[in-house]
Amino acid sequence: MRRMVALVFLVLLLLTTCLTGCAGAPQSRESGATAVVSVLGVEPAGEGIRLLAAAEGRGGEAPFRADSRGDTPAAAVEALTNQGERVVSCAHVEHLLLTQTAAATLPALLSYAFQEPQQSTETQLWVVQADTLAESFSGEGDTAQRMTVIQSQGKDRQTFAPLTLRQAAAALAKGEPLLIPALSVGEAGLAFAGFALYQDGAITRWLTGPAALGAALLSGEKIHWTGSLGEEALTLQSTGCQVHPVWEGSRVVGLDLRCRLEGVLTGGWTGEATDPAPLERETAQAMLQALDQLQAAGADAAGLLGRAGLSNPFRWDALNGQWQGVFPTLPATCTVTVHVDQGR
């Protein structure tokens with residue numbers, strides 16, 4: 001009898017899991033009459049927001065798209081999931097895209113994500129270099145599928161590290177600026193463009209090109225670098241970037257960055273030695289460009305203060321007390337040592 005009760009309970013549990021769709025791995029697909037949204041876009045709409053939703057088209061079906069409006073994130077989601085044509089689930093959103101003008105809504109969006117049990121705080125956050133997402137969520141392109149490709153590129157090539165809603169909320173709770181991965185809109189659709197600097201409720205700068213690569217290295221991420229290797233691609237990863245304040249008495253008057261990078265030729269060993277000197281100069285210049293951008297904005301979004309403090313913990317109070325005031329104008333030097341694995 002106990003075995004029968006246990007079996008019935010197990011069957012009911014499995015049925016409940018299948019019906020709710022909340023226990024499985026996140027999926028970007030339409031399942032029957034239910035559209036499981038994997039990408040949400042946010043743009044301003046009067047005093048509220050407009051949500052744009054996308055799910056991948058499967059089995060020859062067209063991609064699912066929908067939009068809604070609301071005075072609050074909760075109201076906009078409610079309107080999106082109750083449109084009557086089909087069941088729309090936002091329980092497994094993988095990517096949240098903001099326009100550059102929607103950055104002011106980030107605190108409200110984070111608050112909603114943490115208060116709503118079905119919303120994942122591991123959703124990846126992006127900023128699109130546009131005032132509207134209409135082009136990104138229209139046409140023949142599959143927005144959800146494109147974001148899956150970009151996510152795969154980030155995972156395999158490590159051009160950037162994802163920023164989750166949980167990580168963004170932790171930084172904002174401490175009053176810290178954020179480097180949010182940025183997307184541009186081109187003929188091929190959405191593409192990684194660098195980083196958006198978020199501070200004081202707005203996007204204040206865009207770090208693109210070498211500055212974006214430099215910011216990634218300053219933050220300890222892997223990147224693809226092709227600058228001095230001609231047609232050879234190289235994966236670089238920071239294995240340590242020490243920050244040494246330059247002191248004059250009790251005043252900080254400069255920064256000395258000393259970074260070590262490990263490189264691996266992605267095309268395999270060619271039998272020819274790679275001279276690291278040009279690469280060391282280029283990566284050092286890229287990191288200084290990124291630092292210039294952060295200093296101009298007065299935003300230590302790469303976490304340099306913490307590493308500067310580690311160089312001499314006994315002077316932490318003096319360093320921390322003057323950091324905010326002196327950081328924007330501190331002259332900096334950067335020395336990079338690159339070890340390239342030739343794959344032998």
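Keep in mind that this is a model prediction, so the values were computed, not measured. Values below: every heavy atom of this structure, side chains too, minus hydrogens, waters and symmetry copies.
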Exercise for review: Taking all non-hydrogen atoms of both residues into account, name the closest pair between Thr132 and Glu43 and its distance.
Suggested key: OG1-OE1, 3.1 Å

Point to revise | Least distance between heavy atoms, Ala196 atom then Trp206 atom | key: CB-CZ3, 3.5 Å

Check your understanding: With no hydrogens and no angle check, is any side-chain donor or acceptor of Asn82 less than 3.5 Å from a backbone partner on Glu78?
Key -> yes

Check your understanding: Do the side chain of Arg50 and the main chain of Asp67 share a donor and acceptor less than 3.5 angstrom apart?
Key -> no

**Study point:** Heavy-atom side-chain proximity of Phe137 to Leu40 below 4.5 angstrom
**Key:** no

Practice item. Hey, could you give me the CG/CE distance between Leu217 and Met287, rounded to the nearest 0.5 Å? Key: 5.0 Å

Point to revise | Spatial distance of atom CE (Met147) from atom CG (Leu96) [nearest 0.5 Å] | key: 10.0 Å

Review point. With distance as the sole test, does Thr105 use its side chain to make a donor-acceptor pair with the main-chain N or O of Ala108 at under 3.5 Å?
Key: no

Review point. Do Leu319 and Arg315 have side-chain heavy atoms sitting under 4.5 Å apart?
Key: no

Point to revise | Check: Ser136 and Leu97 side chains under 4.5 Å, non-hydrogen atoms | key: no

Point to revise | Qualifying residue, where the test is side-chain contact (heavy atoms from CB on, under 4.5 Å) with Ser68 and the options are Leu51, Leu52, Val77 | key: Leu51

**Study point:** Rounded distance (nearest 0.5 Å) linking atom NE2 of His339 with atom CG of Leu279
**Key:** 12.5 Å

Check your understanding: Given Glu280 and Thr337, is the side chain to side chain contact (heavy atoms under 4.5 Å, CB included) satisfied, shown in steps?
Key -> CA-CA 6 Å; Glu280 292 170 345; Thr337 302; 4.3 Å; yes

Practice item. Side-chain contact test, heavy atoms from C-beta onward, threshold under 4.5 Å: evaluate it for Leu98 versus Ile203 and give yes or no. Key: no

**Study point:** Leu305 and Asn320, any side-chain heavy atoms less than 4.5 Å apart
**Key:** yes

Study note, to complete from the structure: One should read off an interatomic distance between Leu172 CG and Leu178 CG, to the nearest 0.5 angstrom, of 5.0 Å

Review point. Which residue, Thr143, Asp142, Val88, Val36, forms the side-chain contact (heavy atoms from CB on, under 4.5 Å) with Phe64?
Key: Val88

Exercise for review: Under the side chain to side chain contact (heavy atoms under 4.5 Å, CB included) rule, what do Gln285 and Gln289 come out as? Steps first, then yes or no, please.
Suggested key: CA-CA 6 Å; Gln285 184 62 32; Gln289 288 183 30; 3.7 Å; yes

Point to revise | Sub-4.5 Å side-chain heavy-atom contact between Gln129 and Val185 | key: no

Check your understanding: Transitively linked via ILVMFWY side-chain contacts under 4.5 Å: Val243 with Trp247?
Key -> yes

Review point. In Å, rounded to the nearest 0.5 Å, how long is the span from CH2 of Trp323 to CG of Leu304?
Key: 5.5 Å

Check your understanding: Would you say the SG of Cys334 sits under 2.5 Å from the SG of Cys259?
Key -> no

Review point. If we only count heavy atoms from C-beta on, is the Glu56 to Thr148 side-chain gap below 4.5 Å?
Key: yes

Review point. Does a side-chain heavy-atom distance below 4.5 Å link Leu257 with Leu291?
Key: yes

Study note, to complete from the structure: Nearest heavy-atom approach of Leu261 to Ser238 is CD2-CA, 3.5 Å

Practice item. Check the pair Asp131 / Thr99 against side chain to side chain contact (heavy atoms under 4.5 Å, CB included), numbers first and verdict last. Key: CA-CA 6 Å; Asp131 292 327; Thr99 63; 5.8 Å; no

Review point. Ignoring hydrogens and geometry, is there a side-chain-to-backbone donor-acceptor pair from Gln322 to Ala318 under 3.5 Å?
Key: yes

Check your understanding: Taking atom types as modelled and ignoring hydrogens, do the side chains of Gln199 and Thr204 form a donor-acceptor contact shorter than 3.5 angstrom?
Key -> yes

Review point. Atom CD in Gln242, atom CZ in Arg307: separation rounded to 0.5 Å?
Key: 10.0 Å

Practice item. Could you pull out the closest heavy-atom pair between Leu197 and Ala297, with the gap in Å? Key: CD2-CB, 3.5 Å

Review point. Where do Glu94 and Gln124 land on the side chain to side chain contact (heavy atoms under 4.5 Å, CB included) test, with the steps shown first?
Key: CA-CA 6 Å; Glu94 298 174 18; Gln124 295 183 17; over 6 Å; no

Check your understanding: Would you say the side-chain atoms of Thr239 pair up with the backbone N or O of Glu262, donor to acceptor, closer than 3.5 Å?
Key -> no

Check your understanding: Taking all non-hydrogen atoms of both residues, which atom of Ala290 and which atom of Ala215 are closest, and how far apart?
Key -> CB-N, 3.4 Å

Exercise for review: Check which hydrophobic residues are tied to Val246 through side-chain heavy-atom contacts below 4.5 Å, counting indirect links as well, and list them.
Suggested key: Val253

Point to revise | Considering all heavy atoms, the nearest Ala302-Leu218 contact | key: CB-CB, 4.2 Å

